[in-house]
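This structure is a prediction, so every number in the text was calculated from the model and none was measured.
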Amino acid sequence: MDPLTRIYRENLALATDLYQLTMSYGYWKTGAHVKEAVFNLFFRRHPFRGGFTVACGLNFVIDYLRNFRFAEDDLEYLATLTGNDAQPLFDDGFLEHLRGMRFSCDVDAIPEGTVVFPHEPLLRIRGPIIQCQILETALLCVMNFQTLIATQAARIASAAGDDPVLEFGLRRAQGLDGALSASYAAHVGGCAATSNVLAGKLFGIPVKGTHAHSWIMSFDDEQDAFQSYAEAMPNNCVFLVDTYDTIEGVKKAIRVGEWLRERNHKMVGIRLDSGDLARLSIDARNLLDKAGFTDAAIVASNDLNERLVTELKEQGCRINVWGIGTKLVTAHDQPALGGVYKLSAIRKSADEPWRHRVKLSEQEIKVSNPGIQQVRRYYRNGQAVGDAIYDEDLGIGAEVVVADQAETGSRRTLGAGTECEDLLRPVFRGGKFVGEPVSLETSRERALAQLDRFPTECRRVDDPARYFVGLEEKLAGLKSRLIAEARAKMEGAS
C-alpha cells in the first residue's frame, strides 16, 4: 500500500518549509552537506491531558521516503525564487545537486500502533545532514497529525469498552486530505469503521452509513420515509429516529422492522442524534426489546467525545454503537501534537566519533536528549513496567539504573527479572527499505494489544497515572555533562 502516492503524486519533495531548503543550501555552499547527522522525532507532552499516546503515520512516512526525489518541475519552480535583492535564491549548482539527490539515510522507527511516551524517538533519522534537514517538515506533518488522531480514537474506544466506535468525521475534517489521514489514524486507534467511502477504497477500512434527516424530511410522513428506505435497502436499515419526536420515531421504526422481519430481513438498529441520549436510549431499548428486537443496535452521534461517552455510560445509557465525528477528526481538545525533530549527534565522516548535541532552554522540558537513542521497554508478568531511553554506542546492561525524565533526582532500577524489547526497528538502511510491510489492520491490532499491556490507571480519561520513562544512567550523565559544558561556554563568551 502506498497511501500518499494514491492520494497525491509520486514524489512530495517540495512538501517542506522554505527554511529547510535555505539551511540545506547553506550546508551545500559551505561544504557541510557531507556531514553525517542523527535526528530524532519525538513529542514532549501527551495530548488531551492523557497518560498515553499511540504512534501512527509510519506507513505514510515509508511511502514518502521511498519516492523522495526532486522532479524537474520542482527544480524549475525553485529556480524562480528570489532573495531580497531580486537575485535567484539558489545557485544552479545547488539545484543540480538536488536533481541528483536520492534518499540514502538510515531510518529506525517505533512500529505503528505502539503506545509511546514523551521524549521517546518515534523516528530516528541518520544520514547526510542535508537530507535529514529537508525531510523534517514532512515527517513532522505526517507523524504529528496521525499520532494525535490515533490517540484520540484510542481514548474514545477505551471509553466505549466493547462497543464499536464509528468514525463519522469527513464533513467536518480539515480538507479532504486531512479527512483521509484522520480516517486511517482513527482506524489504527481503534475505530471499527468509517463513513468515508474514499478511505474505505484506499485503505480497506470497513464503511458504514444509512440515511440522514434529509431523507425523512423529503417525505410528507416519517413512517413512509422509513418504509420506503426499507423497501429500497432492506439489508442496510438503521433508522434515524429523532427528526421530529424521538420516541414516536422509535415506534415507527419498530413497525417497519416488523415488516422487514416478515420478509426474512433484519432491522439493524436505530440512531439517536440529539436530546438526552441516556434517557432516550433507555426508553428506546425498552421499546425495542418489548417488540422482540433485542439484538437491534442503538447508535448515538451528536458531537461526542471520550468524556461524553464516559458520562453517558455512567448514567446507565443503553447505547451500544458510537458515531464520533467532529471531535475525533479535528482533535477538538488539542489541535496539534507539538512533536519536534532535534539533532542529537553529528560527525564529519564515518571514521570519526560522534559529537553529541543538546538543545538548551530555560524550560527543562525543552532541553533535548543527545545520542544515538533507542528505547527499551520492560515487562513483568506481561505488563509494561517502565521504559529506558539509552544511547546505542554507550550501551545498556541487563539491569539498568534509569533517571526519571519527569522528576529530577529520582531513579529506578529496571531489568531484574523482567522481559524487555527495543522499540525502534530498522526501516531503511542506506535509503533502501528493509522493514516488513505492515497492513493497517496489523497496526490496529497492535494498538489494541498494546493498550492491554499498560495499567488501567495510565489509560484513564482524566487524571491518569504516569508511566515511568527515564534516561539510562550513562546517557543521563552524558546529557548533564553536555549541558554543563554548553552553559560554561556561554558564560565564558559573555
Side-chain angles (χ1 to χ4, degrees), residues 40-58 108-124 140 143-144 146-155 158 185 188-189 331 334 336-342 344 364-369 371 373-380 383-391 396 400 402-408 410-412 414-415 418-425 443 446-472 475-476 479:
N40 297 287
L41 188 153
F42 61 95
F43 61 94
R44 297 186 178 112
R45 292 185 179 89
H46 287 302
F48 314 114
R49 305 183 301 281
F52 70 89
T53 297
V54 176
C56 191
L58 181 57
D108 294 83
I110 292 180
E112 190 166 75
T114 303
V115 173
V116 290
F117 297 89
H119 302 287
E120 297 180 342
L122 310 187
L123 299 176
R124 188 183 72 202
L140 283 170
M143 296 297 295
N144 271 333
Q146 291 200 26
T147 297
L148 187 71
I149 301 303
T151 304
Q152 180 78 306
R155 287 166 59 82
S158 180
V188 170
Q334 182 171 332
L337 177 66
V340 294
Y341 183 87
K342 297 299 178 186
S344 62
E364 183 66 27
I365 196 171
K366 299 189 84 171
V367 177
S368 64
N369 293 325
Q373 295 168 38
Q374 174 62 276
V375 183
R376 181 161 292 183
R377 178 160 293 165
Y378 295 86
Y379 302 92
R380 185 174 288 113
Q383 291 291 297
V385 295
D387 290 3
I389 302 171
Y390 71 95
D391 179 273
I396 188 170
V400 296
V402 181
D404 196 328
Q405 278 277 87
E407 297 181 17
T408 304
S410 175
R411 279 172 156 71
R412 182 182 297 187
L414 294 173
T418 63
E419 60 174 304
C420 62
E421 64 172 333
D422 285 347
L423 299 186
L424 285 161
R425 314 280 175 80
S443 295
R446 178 190 297 277
L448 294 172
Q450 283 264 313
L451 285 166
D452 285 340
R453 302 194 76 178
F454 287 84
T456 55
E457 296 82 4
C458 295
R459 293 182 273 139
R460 287 194 298 252
V461 169
D462 291 308
D463 301 316
R466 186 173 64 82
Y467 176 77
F468 180 83
V469 178
L471 296 184
E472 183 273 333
L475 179 56
K479 180 178 180 178

For E364, enumerate each residue passing the salt bridge (charged side-chain N to carboxylate O under 4.0 Å, His left out) test, keeping only those at least two apart in sequence or located in another chain.
-> none

What are the two closest non-hydrogen atoms of V402 and L414, and how far apart are they?
-> CG2-CD1, 3.8 Å

Residue pairs fulfilling salt bridge (charged side-chain N to carboxylate O under 4.0 Å, His left out) with at least one residue in residues 108-120, sequence neighbours excluded = D108-R124, D108-R429, E120-R377

Set of side-chain contact (heavy atoms from CB on, under 4.5 Å) partners for D452, sequence neighbours left out | R459

Here the gap from L123 atom CG to L58 atom CG, rounded to the nearest 0.5 Å, amounts to 6.5 Å

Is the side chain of E472 donor-acceptor paired with the backbone N or O of D391 at a distance under 3.5 Å, no angle test?
-> no

How many angstroms lie between CG in D387 and CG in L471, if you round to the nearest 0.5 Å?
-> 11.5 Å

Who are the side-chain contact (heavy atoms from CB on, under 4.5 Å) partners of A447, not counting sequence neighbours?
-> V54

Shortest non-hydrogen separation from A185 to I149 and the atoms involved | CB-CB, 3.8 Å

Residues that N144 engages under side-chain contact (heavy atoms from CB on, under 4.5 Å), provided they are two or more places apart = L140, L337

Ring pair (Phe, Tyr, Trp, His ring centres under 6.0 Å) with F454: which residues, sequence neighbours excluded?
-> F117, Y467

Contacts of R466 that satisfy side-chain hydrogen bond (donor to acceptor under 3.5 Å, both in side chains) - sequence neighbours left out | D404, E407

Separation between CG (L448) and CD (Q450), nearest 0.5 Å, reads 10.5 Å

Salt bridge (charged side-chain N to carboxylate O under 4.0 Å, His left out) partners of E457, counting only residues at least two apart | none

When R376 is tested against each of I389, V400, D422 for side chain to side chain contact (heavy atoms under 4.5 Å, CB included), which residue passes?
-> D422

Please list, chain by chain and in numerical order, all residues satisfying side-chain contact (heavy atoms from CB on, under 4.5 Å) with T418, sequence neighbours excluded.
-> Y378, R380

Between G57 and M143, which heavy-atom pair has the shortest distance, and what is it?
-> C-SD, 3.7 Å

For the side chain of S158 and the backbone of A154, is there at least one donor-acceptor N/O pair under 3.5 Å apart?
-> no

Show me the donor-acceptor pairs, under 3.5 Å and distance only, between side chains in residues 40-50 and residues at least two apart or in other chains.
unit_1	atom_1	unit_2	atom_2	d
N40	ND2	S344	OG	2.8
H46	ND1	T53	OG1	2.8
H46	NE2	G51	O	3.4

So, for P464 and C458, which heavy atoms are closest and what is the spacing to 0.1 Å?
-> CB-O, 3.7 Å

Which pair of non-hydrogen atoms, one from R411 and one from A476, has the smallest distance, and what is that distance?
-> NH2-CB, 4.5 Å

Between atom CG of L475 and atom CD of Q373, what is the distance when rounded to the nearest 0.5 Å?
-> 6.5 Å

Taking side-chain hydrogen bond (donor to acceptor under 3.5 Å, both in side chains) as the test, write out the residues that go with K479, two or more places apart.
-> N369

